[in-house]
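Lettering follows sequence order; numbering is per chain, from 1.
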Number of protein chains: 2
Amino acid sequence: MKITIKEIAREANVSIATVSMVINKKDQNITEVTRNRVLEVVKKYNYLPNAMAGSLVTQRTHIIGLVLPDITNPFFPGIARGAEDKANEKGYSIIFCNTDDKLEVQEKYIESLTKKMADGIIIAHSSSSEKMPEILERCKVPIILIDRDFDSENICGKVLVDNSNGAHMAVSYLIEQGYKKIAYLSGPLKTRTAYERLEGYKKALSDYEIEFNDKLVKFGEYRIEWGRNGVNELLEEKEDFDVIFCGNDLIAIGAMKELKEKGYHIPDDIGVMGYDDIYMASLVEPSLTTVRQPNYQMGYRAMELLEERLKKAPGSDNTPSDMKTITLDTEIIVRNSVKINKKVKS
Amino acid sequence: MKITIKEIAREANVSIATVSMVINKKDQNITEVTRNRVLEVVKKYNYLPNAMAGSLVTQRTHIIGLVLPDITNPFFPGIARGAEDKANEKGYSIIFCNTDDKLEVQEKYIESLTKKMADGIIIAHSSSSEKMPEILERCKVPIILIDRDFDSENICGKVLVDNSNGAHMAVSYLIEQGYKKIAYLSGPLKTRTAYERLEGYKKALSDYEIEFNDKLVKFGEYRIEWGRNGVNELLEEKEDFDVIFCGNDLIAIGAMKELKEKGYHIPDDIGVMGYDDIYMASLVEPSLTTVRQPNYQMGYRAMELLEERLKKAPGSDNTPSDMKTITLDTEIIVRNSVKINKKVKS
DNA sequence: ATAATTTACTTAAACGTTTAAATAAAGGAA
DNA sequence: TTCCTTTATTTAAACGTTTAAGTAAATTAT
């Protein structure tokens, strides 16, 4: 038989209110002896309170929705893990959702999370389509944005990385190592990350007074296949380049594969630099020089922000002061796909 | 203001029962006109029913717990994704939990899932410690085991891969390519997977009348670092070997790294074979010949099994006939870290 | 000694649904 | 017409908690 607070109360000869108070440590006014009597019965039956029933009255489920494009993409497990660790620390559970960057899937998930009364949502949203504000609007719980920026009413926090600065650092680094003709295989320009990284790329070039050459910049998906194809697109331009900066590590890995198959030597003939520092980056050959995004931190801090916000009364509106943006720093990870101090040599 | 079924009922001039019936499509007895009136109000307010409140009475949360060692380990995202896809298809949500293979963490998660009234749990459990049965016993919901076998009362399904057979296939393959001295870098023997793969390794050797040599078998963690260390342990034995079969791909990748650094050429000097076929396996150099475990399928089928089981009334006990075991097949993925038809050459 | 306060509980309403049972109106059979 | 069914809807109990308000006894203050 399923055992409820009622049974415990009956067996311990107290009211259910007393049991509830003991369980929730609101027992300043409960005598030692009653408390122990209750606790004993609780233990005897291995009683665990039904959180749902409690949630109904407290209006808190301690469930957080984590909406990501695809956990199978090596960029995301770290984020998920970070969020989960912090959540667990604070007594929250995480429902996770893969959108494949499809707007209608994302919408469905947000609806589902709303129905299940998630206390909040952490989301790496999909595209900045016009429907986004409406979708987010409809969702009444606090939302934390990660990785991809966007502006809307009920967003109460953002954890971003400075893409522009990351790309700027990367390209500056390449230039300082002596590279002059820097090609760029970007992700899809409709994503904010790609757009911002392109900005950083351009700014670094102009800082060092290198002319921007749009024949050296190609746009595609954040995938290995695009890395391969992108290299070919670049080669077809018959425009000289000595290093390829890539929109992410997957592109970089694809680019390296293709270059090697075409007989180029990395980094001697052509350097390759990535972005993200996924697990694989250190394992490919040559190991990939890249820009580390602190993805564990992203998840962790996002959950931290959310937990902070959730200290306010349930259902309470966001005040402007709730809105907090954390911008995490990137870091250049020097490995072997880019020559160090190339200029000295050539 | 938060809008509930009561508001909808009032505004539509019907009872809340009617609204409930319309929403849940139990509306055979509702007139077209009432239905539409209700639906209109629902739409007007973007009303979404509070699933928790419903769950309280139906005793179904449509929440599934997915308990994994570590989503950051490349073996697991595929499983998670498979489970999530099927879950989503059937209207379930997944709460995910990382145990780091720690028993007390696992216990805590199972407790949390029980409190939150998860309808079921899919778990790649941690170690076969003596406490496991007790932990599982206490958890009253249906449990599906994945990847790692175990026996206990309320387990109502298993999705396993035949580790012994997988290893047997792999080693047989190696032998048939002409390899004779096959070293084995195993995972920790306390895990069932490692134990079974060792069985398969031994059986293949004996099938081909090759003597088992325990100097060629070393045990460590399922990690890259162990691959590196394992190679050194093998080399120290001064025992000849022409290929290393590895307990998983991470070990294989580590082994390859170490071998290459030591100046060995793969596969010409020494072959390396992995197990799992994680994403990275095709990206390392040389690309890794390995045994594919169908991990997306594992997650997917596990959720399928669970969903099937959940068609029974909530709280109903497992009958022996509920217990279903699915054993998925492995497949050899031929790449470049093992020589094909070595015997012809040498 | 009486009133006021504190302590240790209990009562009962509330949370937002689902659903079995009740009811009332309409339609059909006798 | 009267009775029986069917149809369309409502009533009310139930799900398992939390918590504000109430109460009775014990303690302290006056």
Item to complete: Give, for atom OG1 of Thr61(A) and atom CG of Leu56(A), the distance between the pair rounded to the nearest 0.5 Å.
Response: 11.0 Å
Worksheet item: Can you tell me how far the CG atom of Leu305(B) sits from the CD1 atom of Ile122(B), to the nearest 0.5 Å?
Response: 9.0 Å
Worksheet item: Can you tell me if CZ on Arg81(B) sees more than 12 non-hydrogen neighbours from other groups inside 6.0 Å?
Response: yes
Response to the item:
Nearest heavy-atom contact between Ile121(A) and Leu306(A) is N-CD2, 4.1 Å
Distances under 3.5 Å between protein N/O atoms and the N/O atoms of nucleotides 8-12 of chain C, please, pair by pair.
residue : atom : partner  : partner atom : Å
dC9(C)  : OP1  : Thr34(A) : OG1          : 3.3
dC9(C)  : OP2  : Thr31(A) : N            : 2.9
dC9(C)  : OP2  : Thr31(A) : OG1          : 2.3
dC9(C)  : OP2  : Thr34(A) : OG1          : 2.6
dT10(C) : OP2  : Ser15(A) : N            : 2.8
dT10(C) : OP2  : Ser15(A) : OG           : 2.9
dT10(C) : OP2  : Thr18(A) : OG1          : 2.5

Fill in: Check: Glu7(A)/Tyr47(A) side-chain N/O donor and acceptor closer than 3.5 Å
no
Discussion item. Any donor-acceptor pair under 3.5 Å linking the side-chain atoms of Thr4(A) with those of Arg10(A)?
Written reply: no
Is the backbone of [Y] close enough, under 3.5 Å, to the side chain of [X] for a donor and an acceptor to pair up by distance?
X: Arg309(B); Y: Lys324(B); result: no
X: Asp322(B); Y: Thr319(B); result: yes
X: His125(B); Y: Asp149(B); result: yes
X: Asn98(A); Y: Asp100(A); result: no

Item to complete: Look at all strands and tell whether Ser20(A) reaches a base, only sugar-phosphate, or nothing, counting heavy atoms closer than 4.0 Å.
Response: base
Discussion item. Classify Lys115(A) by what it touches in the nucleic acid, base, sugar-phosphate, or nothing, heavy-atom distance under 4.0 Å.
Written reply: nothing
Worksheet, complete the sentence: Bounded by its outermost nucleotides with an atom under 4.0 Å from a heavy atom of chain B, the footprint on DNA chain D reads dA8(D) to dG16(D)
Worksheet item: How bent is the helix from dA1(C)-dT30(D) to dA30(C)-dT1(D), comparing axes over its five end pairs at each side, to the nearest 10°?
Response: 50°
